[in-house]
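These values consider heavy atoms only, across backbone and side chains, with no hydrogens, waters or symmetry-generated copies. In what follows, chains are A, B, ... by sequence order, proteins preceding strands, each numbered from 1.
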Amino acid sequence: MLDMKYLRNNYEEIKEKLAHRGEDLHEFEHFGELDERRRELIRQSENLKAKRNEVSKQISVLKREKKDAEPAIKEMREVGEKIAAYDKELKEIEEKLEQIMLSIPNIPHESVPIGEDEEDNVEVRKWGEIPEFDFEIQPHWDIAANLNILDFERAAKVTGSRFVFYKGLGARLERALMNFMMDLHADEHGYEEMLPPYIVNRNSMVGTGQLPKFAEDAFKIEEWDYFLIPTAEVPVTNYHREEILSAEDLPKKFVAFSGCFRSEAGSAGRDTRGLIRQHQFNKVELVQLVKPEDSYETLEQLTGHAEKVLQLLGLPYRVMSMCTGDLGFTAAKKYDIEVWIPSQNVYREISSCSNFEDFQARRAGIRFRREPNGKPEFVHTLNGSGLAIGRTVTAILENYQQKDGSVVIPEVLRPYMGGKEVIK
RNA sequence: GGAGAGCUGUCCGAGUUGGUCGAAGGAGCACGAUUGGAAAUCGUGUAUACCGCCAAAAGCGGUAUCGAGGGUUCGAAUCCCUCGCUCUCCGCCA
């Protein structure tokens, strides 16, 4: 959410900046008139309330002195009706305004490349050597089927499409990655470890920006106003919702493991095979709450923390800076880390690292004070996958596949795999 | 699932025959005095959002907020209703 006053005073400038996002801004057009009407109603209503408060005091005096208060009471009864009428309209206006404010995307940072879609994203850097194979390589679902470590068919029977059973060393590999990543970020990168709820309420989903606009992407619990989390970002960022932190509390650095649940509405037919696009997957997520002046430096660091995982696993990747048209709703700046997938001959997203500036903090009411008696300011929030585990398994199976169908386990994972070197 | 108790400012905690209560008191914190320095002591200050005045900040004025929402009333922290959460006991359960 943007700052209303800032929006009011810089309407044209903001409109221009948002135009690059390619979002539908027609609701945004009504902001000016609604904002004006809102303030007019507040003025009217509050003037009457001030009067009512004053007369009510007089009434109490009159009553105590056993004088006749009836004329004043009668007058205030009428004032009360007027107030109710103003407040009724005010409430309607504010609800509309709220919807508009919640539907305006974040303003891109000046360093974000201008562009329309993913074609215009800019490669920032590349790491690692793309592996060469002297045999015919297989996609990860075939590798996994031969090794009997993933079972999509039975998951389809038990649940439905886009679900999977991990088995044997496949399950072990997933678990090894979870522990490896959590250890790395907690021990080496200084994050506080967290295991969050997988179900959150509506306010949390609004706080981080999944709602109200993207309701169709989420799984909702029937009969409850609760949602399955699409990422640990939601519970972890909302951990400090409606709180005022002190300056020495910052930065807050959390690393969280969680399952993630996505309806994948609108992606029917895409990545229908394999682990790439599941309704449920595991992820280790990095979340930081920082002072505003630190957030862009933090974005670079946080992205580096995610990259470190791939470096230690020896998986080739590249870092892309998302252009204005591909930024997503909430981010002011976003890097995607893409890992090499040999069978598809492309880099695929495995992490997304974003700086939301105060966009989420304003929605979620996360603030801090620089001085004990200072004015509260909004923190800046950031997060990034560190990493999506299912896609990491995908990358390991494919990049480390051998001619005989076995898969070499990256060295750093072997202690987590009971010392095993190969899955065969 | 049943029965009961509670939810007040950063924290603790008063206030429930409706009126001068944004809210006593205490603690904490900030600033100042005192001190060689500290402790102790004394003094002052210490919520948030919004609206208005101001170019802006400071400041001033106003409105709202005592778990959330609704209701009664000229007026509600105080009365009524719904919901949420916490705690205790019983039941059930991993």
Plane angle bin for A:Phe28 and A:Tyr11 - parallel if under 30°, tilted between 30 and 60°, otherwise perpendicular
tilted

Please state how far atom NZ in A:Lys375 lies from atom P in B:rC50, giving the value in whole angstrom units.
11 Å

Any strand counts, and the cut-off is 3.5 Å on both contacts for Watson-Crick or G-U wobble. Which nucleotide pairs with B:rC7?
B:rG84

Under a 3.5 Å cut-off for both distances, is B:rU34 Watson-Crick or wobble paired, and to whom?
none

Please tabulate, one pair per line, all N/O donor-acceptor pairs under 3.5 Å involving side-chain atoms of residues 12-21 of chain A, not counting sequence neighbours.
{"unit_1": "A:Glu13", "atom_1": "OE2", "unit_2": "A:Lys17", "atom_2": "NZ", "d": "3.4"}
{"unit_1": "A:Lys15", "atom_1": "NZ", "unit_2": "A:Glu29", "atom_2": "OE2", "d": "3.3"}
{"unit_1": "A:Arg21", "atom_1": "NE", "unit_2": "A:Asn106", "atom_2": "O", "d": "2.5"}
{"unit_1": "A:Arg21", "atom_1": "NH1", "unit_2": "A:Gly328", "atom_2": "O", "d": "2.4"}
{"unit_1": "A:Arg21", "atom_1": "NH2", "unit_2": "A:Asn106", "atom_2": "O", "d": "3.0"}
{"unit_1": "A:Arg21", "atom_1": "NH2", "unit_2": "A:Gly328", "atom_2": "O", "d": "3.3"}
{"unit_1": "A:Arg21", "atom_1": "NH2", "unit_2": "A:Ala331", "atom_2": "O", "d": "2.7"}

Identify which nucleotide among B:rC50, B:rG19, B:rC85 has an atom closest to any side-chain atom of A:Ser60, counting heavy atoms from C-beta outward.
B:rG19

Does B:rU16 have a Watson-Crick or wobble mate here (both distances under 3.5 Å), and if so which one?
none

Give one of base, sugar-phosphate or nothing for A:Lys57, where a contact means two heavy atoms less than 4.0 Å apart.
nothing

Using whole Å, what does the distance between atom P of nucleotide B:rC74 and atom CG of A:Leu62 come to?
15 Å

Closest to the side chain of A:Arg369, out of B:rU48, B:rG19, B:rU63, is B:rU48

Residue matched to B:rU63 through Watson-Crick or wobble contacts both under 3.5 angstrom:
B:rA49

Does B:rA49 have OP1 or OP2 sitting under 4.0 Å from an N or O in the side chain of A:Arg367?
yes

Give one of base, sugar-phosphate or nothing for A:Lys91, where a contact means two heavy atoms less than 4.0 Å apart.
sugar-phosphate

Pick the P atom in B:rG67 and in B:rA14, then give their distance to the nearest Å.
14 Å

Heavy atoms of other groups near A:Glu116 CD, more than 12 under 6.0 Å
no

Please report the distance separating the P of B:rA57 from the corresponding atom of B:rU41, rounded so that it comes out in whole Å.
40 Å

Take atom P in B:rA23 and the same atom in B:rG28, then report the distance between them in whole Å.
23 Å

Which sits closer to the 5' end of RNA chain B, A:Arg77 or A:Asn47, going by the nucleotide each is nearest to?
A:Asn47

Ignoring hydrogens and angles, write down the donor-acceptor pairs under 3.5 Å from the side chains of residues 374-384 of chain A, residues two or more places apart or on other chains.
{"unit_1": "A:Glu377", "atom_1": "OE1", "unit_2": "A:Arg370", "atom_2": "NE", "d": "3.4"}
{"unit_1": "A:Glu377", "atom_1": "OE1", "unit_2": "A:Arg370", "atom_2": "NH2", "d": "3.2"}
{"unit_1": "A:Glu377", "atom_1": "OE2", "unit_2": "A:Arg370", "atom_2": "NE", "d": "2.6"}
{"unit_1": "A:His380", "atom_1": "ND1", "unit_2": "A:Ser295", "atom_2": "OG", "d": "2.8"}
{"unit_1": "A:Thr381", "atom_1": "OG1", "unit_2": "A:Gln360", "atom_2": "OE1", "d": "2.7"}
{"unit_1": "A:Asn383", "atom_1": "ND2", "unit_2": "A:Glu233", "atom_2": "OE1", "d": "3.3"}
{"unit_1": "A:Asn383", "atom_1": "ND2", "unit_2": "A:Glu233", "atom_2": "OE2", "d": "3.3"}

Sugar-phosphate, base or nothing in reach of A:Ala50, heavy atoms under 4.0 Å
sugar-phosphate

For A:Ile42, which contact category applies under a 4.0 Å heavy-atom criterion: base, sugar-phosphate, or nothing?
sugar-phosphate

Could you please name the option among B:rG19, B:rC51, B:rU48 that lies closest to any side-chain atom of A:Ile244?
B:rU48

Euclidean distance, atom CG of residue A:Asp87 to atom C1' of B:rG70 [Å, nearest integer]:
14 Å

Provide the distance between the two C1' atoms, one in B:rG4 and one in B:rU48, to the nearest whole Å.
35 Å

Return the pairing partner of B:rC92 with a 3.5 Å limit on both distances, Watson-Crick or G-U wobble; otherwise return none.
none

Regarding A:Glu264 and A:Arg270, does a basic nitrogen lie under 4.0 Å from an acidic carboxylate oxygen?
no

Can you figure out which of B:rG19, B:rG52, B:rU48 approaches the side chain of A:Arg39 most closely?
B:rG52

Would you indicate what A:Lys74 reaches in the nucleic acid, counting non-hydrogen atoms under 4.0 angstrom: base, sugar-phosphate, or nothing?
nothing

Length of the line joining A:Asn203:CG and B:rG69:P, which is rounded to integer Å
11 Å

Base, sugar-phosphate, or nothing: which does A:Asn53 touch, judged by heavy atoms less than 4.0 Å apart?
sugar-phosphate

Would you please classify the geometry between the A:Phe329 ring and the A:Phe214 ring as parallel, tilted or perpendicular, with 30° and 60° separating the classes?
perpendicular

Taking atom C1' in both B:rC12 and B:rG6, what distance in whole Å separates the two?
16 Å

Let me know the distance between CD of A:Glu94 and P of B:rU65, rounded to the nearest Å.
14 Å

May I have the distance from A:Arg202 (atom CZ) to B:rC83 (atom C1'), rounded to whole angstrom?
16 Å

Gap in Å between the two P atoms, one belonging to B:rU78 and one to B:rC7, rounded:
12 Å

Nearest-Å distance, CG (A:Asp225) to C1' (B:rA68)?
14 Å

What is the distance, rounded to the nearest whole Å, between atom CD of A:Glu371 and atom P of B:rG28?
21 Å

Of all the choices, B:rG19, B:rU63, B:rC50, which nucleotide is nearest to the side chain of A:Lys49 once you look at every atom?
B:rU63

What does A:Arg8 touch in the nucleic acid at a heavy-atom separation under 4.0 angstrom: a base, only the sugar-phosphate, or nothing?
sugar-phosphate

In terms of the nearest nucleotide of RNA chain B, which residue is placed more toward the 5' end: A:Asp3 or A:Arg52?
A:Asp3

Could you check whether A:Asn53 and A:Ser56, counting side-chain N and O atoms only, form a donor-acceptor pair closer than 3.5 Å?
no

